[in-house]
2 protein chains.
Amino acid sequence: MRLSTKGEYASRAMLELALRFAAGPQHIRDISAAQDIPERFLEQILLQLKRAGYLRSRKGPQGGYFLSRPPEGISVADVIRVMDGPLAPIDCVSVTAHEICPKEDGCVLKGLWKETRDAIASILERTTLADLVERSRSSRKKTSTRNRH
Amino acid sequence: MRLSTKGEYASRAMLELALRFAAGPQHIRDISAAQDIPERFLEQILLQLKRAGYLRSRKGPQGGYFLSRPPEGISVADVIRVMDGPLAPIDCVSVTAHEICPKEDGCVLKGLWKETRDAIASILERTTLADLVERSRSSRKKTSTRNRH
DNA sequence: AAGTTTGCCTATTGAGTAAGTCGACTATTA
DNA sequence: TAATAGTCGACTTACTCAATAGGCAAACTT
């Protein structure tokens, strides 16, 4: 039940972009540095997220990446599905990659996998980047009040 | 968030063994046939589950595998952990493979992964092989009354 | 217009894992 | 003692993951 490194990096990068949403385009290099993600690897990840429609970009100096819509409109599930595919533990219970199970009869395990899928999806779908930003800001306030820019 | 084939096969095999728990040792071959799992592959899986303490075996004619304790005492989480390792999406929130996160401060995502892990674990830990057997029997009764042996 | 900055795209690599196969060995029982 | 069945380790094949690299295209600067 593992999340790929790519999926984790993508989540972190999107969070970073959500945190700086108001500040306009962000360079790959800066996101890479802020979140400690290999630059060339991050490049591919952002590109993938762009192709999926969650990011837009601008070239040249003052260029960079930015969310294609406000953080409220993008869930963690959206991000992970782009990077890692369906959330379901196995395909026969996936909503996005539904595949007919040859063993239709009394496959009790199928019910269990579906339950699992729904539990995962319900958490990741209702959690938006805006939620993460909010949590991030409130936890930062509690621990220390440093405002690095 | 994928379950490996091995994890799925293991679950199916254990369910099969739970269904036939009263009948004594079951041959690899029969489990393989009943659940449509490659025989030599299943061999390894059962061996692994044996080493983990969930199965016992007997050699020679009338030999085979059987659960080391009643189906109530083995959860699906137990089985999957043997085959695929920790249930957690990433190691820093795993109970079994806990690893210190270098980015301690305000890692909001960590909270989310933990929530996800707990949701998965709660389902798979409370579901025992006995539960699956029960569900299997009641659903079999509903759809048809064929009793293949 | 030239040059710099930045993202865009494709290919490649190296490591590791996943899924499955194989051959020989050992214990049990008829 | 022959047949049955599990045990063990090695091997294979294909694929995926994580990352790197090279050149291209757009945009901004001077």
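Nothing here was measured: the structure is a model prediction, and the numbers come from that model. Chain letters run A, B, ... following the sequence lines, proteins first and then strands; every chain starts at 1.
- In terms of polar N and O atoms assigned as donor or acceptor, the side chain of Gln44(A) comes within less than 3.5 Å of the base of dT20(D) in a complementary pairing.
- For the segment residues 79-87 of chain B, the set of residues with a heavy atom within less than 4.0 Å of an atom of DNA chain D is empty.
- Across the interface with DNA chain C, nearest-nucleotide mapping of Gly63(A) and Arg40(A) shows Gly63(A) to be the residue nearer the 5′ end.
- Minimum interatomic distance between Val93(A) and Arg117(A) (heavy atoms only, all atoms of both residues): O-CD, 3.0 Å.
- Atom CD in Glu8(A) sits roughly 10 Å away from atom P in dA18(D) (whole-Å rounding).
- Straight-line distance from the CZ atom of Arg58(B) to the C1' atom of dT26(C): 16 Å, rounded to whole Å.
- Counting only heavy atoms from C-beta outward, the side chains of Leu124(B) and Leu112(A) approach each other to under 4.5 Å.
- Under the 4.5 Å side-chain criterion, counting only non-hydrogen atoms from C-beta, Gln35(B) is not in contact with Leu42(B).
- OP1 or OP2 of dA18(D) has not a single side-chain nitrogen or oxygen of Tyr9(A) nearer than 4.0 Å.
- Heavy-atom neighbours of Glu72(B) CD from other residues, nucleotides or ligands within 6.0 Å: above the threshold of 12.
- Side-chain contact between Arg2(B) and Asp91(A) is present, with heavy atoms from C-beta onward closer than 4.5 Å.
- Note on Arg2(A): every side-chain N or O is 4.0 Å or more away from OP1 and OP2 of dC17(D).
- Between dA18(D), dT26(C), dT6(C), one nucleotide has an atom nearer to the side chain of Phe41(A) than all others, and that is dA18(D).
- For the OP1/OP2 pair of dA18(C) and a distance below 4.0 Å, the side-chain nitrogens and oxygens of Ser4(B) include no atom meeting the criterion.
- Mapping Ser57(B) and Gly60(A) onto DNA chain D via the closest heavy atom, the residue that lands nearer the 5' end is Ser57(B).
- Between Leu17(A) and Arg20(A), every side-chain heavy-atom pair lies at or beyond the 4.5 Å cut-off.
- Counting any heavy atom pair closer than 4.0 Å across all strands shown, Gln26(A) reaches sugar-phosphate atoms only and no base atom.
- The separation between Ile28(B) atom CD1 and dT21(C) atom C1' is 14 Å, rounded to whole Å.
- Between Gln62(A) and Pro38(A), the residue anchored closer to the 5' end of DNA chain D is Pro38(A), taking for each the nucleotide with the nearest heavy atom.
- Counting non-hydrogen atoms under 4.0 angstrom, Glu39(A) reaches nothing in the nucleic acid.
- Side-chain nitrogen and oxygen atoms of Thr5(B) include none within less than 4.0 Å of the OP1 or OP2 phosphate oxygen of dA18(C).
- For the pair Gln48(B) CD and dC8(D) C1', the interatomic distance rounds to 13 Å; values are reported in whole Å.
- In this structure, Phe66(B) places its CZ atom 12 Å from P of dT28(C), rounding to the nearest Å.
- For the atom pair CD1 of Ile28(B) and CD1 of Ile37(B), the computed distance is 11.0 Å after rounding to the nearest 0.5 Å.
- Between Glu43(A) atom CD and dT12(C) atom P the separation is 17 Å, expressed in whole Å.
- Counting any heavy atom pair closer than 4.0 Å across all strands shown, Arg56(A) reaches no nucleic acid atom.
- Between the C1' atom of dA11(C) and the CG atom of Leu47(A) lies a distance of 14 Å, rounded to the nearest Å.
- The phosphate of dT6(C) (OP1 or OP2) has a side-chain N or O of Arg29(A) nearer than 4.0 angstrom.
- Side-chain proximity of Lys59(B) to dG7(C), dT28(C), dA18(D): nearest is dT28(C).
- At a threshold of 4.0 angstrom between heavy atoms, the contacts of Leu46(B) with the nucleic acid are absent.
- Taking atom CG of residue Leu42(B) and atom P of nucleotide dA5(D), one finds them 15 Å apart after rounding to whole Å.
- Salt-bridge annotation for Arg12(A) and Glu8(A): present, with a side-chain N of the basic residue lying under 4.0 Å from a carboxylate O of the acidic one.
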